[in-house]
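In what follows, a single structure is set out as C-alpha cells and then discussed.
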Amino acid sequence: METQTPLTRSKRHFKIKHLPELLATAGKNWFNNDPFEKSAIVAYYSILSLPALIIIILNVVGSIWGRDIVRGELLDEISKAIGRDTAESIRLMLVDKGDAPTSIFANSIGIATLVYGATGVFFQIQNMLDKIWDAAPNTTNGILATIIGRFKSFGFILIIGFLLLISFVLTSVLSTFGKNLSRFLSDYFLDALYIFDIVISLSFIYVLFAMMFKLLPNASIPWRAVRIGAALTSLLFVGGKYVLAIYFREMQPGSTYGAAGSIILIMLWVSYTSLILFFGAHFTKAYSEKYLRLG
C-alpha cells in the first residue's frame, strides 16, 4: 500500500541577490498586463468615486475625531500631494448645500448611491488584482459576485477610515507634544519626533497595501509574500509621491487644462498610484511563485 507524502512548502528563502530576478519577472509581467490601460480605468472610476469616498470617510472618522478637523487633515494631505488648487476644488465638492428636510426614502436612496459610488474604485482594483492572480469569483452568480465585491470594497473603505483615524490621532499627539516642549527639548529630540512621524505614516501605508493585497483578491495569498510585496510597494509609493509633488509644483501640468486642471491632476496621481499598486501585486505574485511553491 502506497503512502502519500503530504505537500510541503518550498524551503527556499529570499536573498538580496535574487531581487533583480524578482524585479525583472515582476516588471515583465506588469508590462505585458497593460498596466497603463488598467491604471487609466482606475483613475476614471476614482473621479466618479472621490466625492462619495471622501464624504463617507468624513462621516465615519469625523463622528469620532470631529468633522472639521478631519476635513482639514484630509485637505492638507491632498494639498501636499497634488497642490492647493486641487485641494480647494475638492473642498468645494464637500460644501454643505443646506439642511433641507428629506424623506426616509430619499435618504435611503442617497446613502445607497453614495456607497455604490464610493466602492467603485476599489471594486475595479479588486477586478484587476483578480486578473493578476488568475482568480475566479467565489460564486458563479454574476449579480451575487458583484454585490459581495461591493460589500468587500465598502469594508475596505471602513478600514481606511480606521487607519486614518489612528494616524490623525498619533500625528496630532506628536505635533502637540513637540510644540509644547520645543523650548525644553534638544533639536536632536525634535528631529527624532519628526522621523517617528514619518515612520508612522509609512507604517500605515504599508498596512494599507498589505490589506489590499491580502483581502481584495478572490485568492488565498500567503502572508509571507504579502509582507514583502507591501513593503516594496510602500517604498515605491512614498518615494514617487515626493517626486510627483515636486513635479506638480514646478511643472504645474494642470495649468494647461484650465478649469479641468484639478481633475487631470487627480487622474495623474491615481494613475501613478495604480501603476505602483499593480507592480507591487506582480512582485508579490513573482515572490510567491519563486519561494512558496508547493512540492
Shared hydrophobic cluster, I125 / Y116 (ILVMFWY, side-chain heavy atoms < 4.5 Å):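 As far as the 4.5 Å side-chain criterion goes, Y116 and I125 are not connected within one cluster.
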If we only count heavy atoms from C-beta on, is the [X] to [Y] side-chain gap below 4.5 Å?
X    : Y    : answer
Q126 : P217 : no
L23  : F279 : yes
L232 : I228 : no
V199 : F204 : no
Y45  : I41  : yes
F283 : T25  : no

Output the distance between atom [atom1] ([X]) and atom [atom2] ([Y]), rounded to the nearest 0.5 Å.
X    : Y    : atom1 : atom2 : answer
S79  : L74  : OG    : CG    : 12.5 Å
I54  : I157 : CD1   : CD1   : 11.5 Å
T119 : L53  : OG1   : CG    : 9.5 Å
L22  : H282 : CG    : NE2   : 14.0 Å
L236 : L277 : CG    : CG    : 11.5 Å
I55  : L50  : CD1   : CG    : 9.5 Å

If you measure from the Lys or Arg side-chain nitrogens to the Asp or Glu carboxylate oxygens, is any gap between K285 and D134 under 4.0 Å? yes
Any side-chain donor near an acceptor of the partner, Y291 and R224, under 3.5 Å: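 Per modelled atom types, Y291 and R224 side chains form no pair under 3.5 Å.
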If we count only N and O atoms by modelled type, under 3.5 Å, do the side chains of N33 and K28 hold a donor and an acceptor together? no
Any chance OH of Y44 has more than 12 other-residue heavy atoms, nucleotides or ligands included, within less than 6.0 Å? no
Could you walk me through whether L202 and S234 pass the side chain to side chain contact (heavy atoms under 4.5 Å, CB included) test, one step at a time? CA-CA 7 Å; L202 183 59; S234 301; 4.1 Å; yes
Minimum-distance pair of heavy atoms, taken over all atoms of [X] and [Y]:
X    : Y    : answer
L275 : S39  : CD2-OG, 3.7 Å
S271 : A43  : OG-CB, 3.4 Å
F278 : V42  : CZ-CG2, 4.0 Å
K152 : L216 : NZ-O, 3.5 Å
G280 : T233 : CA-OG1, 3.1 Å
A26  : A286 : N-CB, 4.4 Å

Are any side-chain N or O atoms of [X] and backbone N or O atoms of [Y], one a donor and one an acceptor, separated by less than 3.5 Å?
X    : Y    : answer
W30  : A281 : no
R150 : F123 : no
D130 : N218 : yes
D76  : G72  : no
T284 : V226 : no

Is there a side chain to side chain contact (heavy atoms under 4.5 Å, CB included) between L215 and I159? Walk through the geometry before answering. CA-CA 11 Å; L215 299 180; I159 291 174; 4.1 Å; yes
Assign the ring pair F237 / F209 to parallel, tilted or perpendicular, where the plane angle (0 to 90°) is split at 30° and 60°.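 F237 and F209: perpendicular rings.
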Side chain to side chain donor-acceptor pair (under 3.5 Å) evaluation trace for Y206 with R227: CA-CA 9 Å; Y206 169 79; R227 290 196 299 267; 5.3 Å; no
Apply the test side chain to side chain contact (heavy atoms under 4.5 Å, CB included) to residues S274 and K38: give CA-CA distance (whole Å), side-chain angles for both, the deciding distance (0.1 Å), then the verdict. CA-CA 8 Å; S274 300; K38 289 180 170 55; over 6 Å; no
Show the numbers, then the answer: is there a side chain to side chain contact (heavy atoms under 4.5 Å, CB included) between E21 and K290? CA-CA 10 Å; E21 177 188 350; K290 184 174 181 63; 3.3 Å; yes
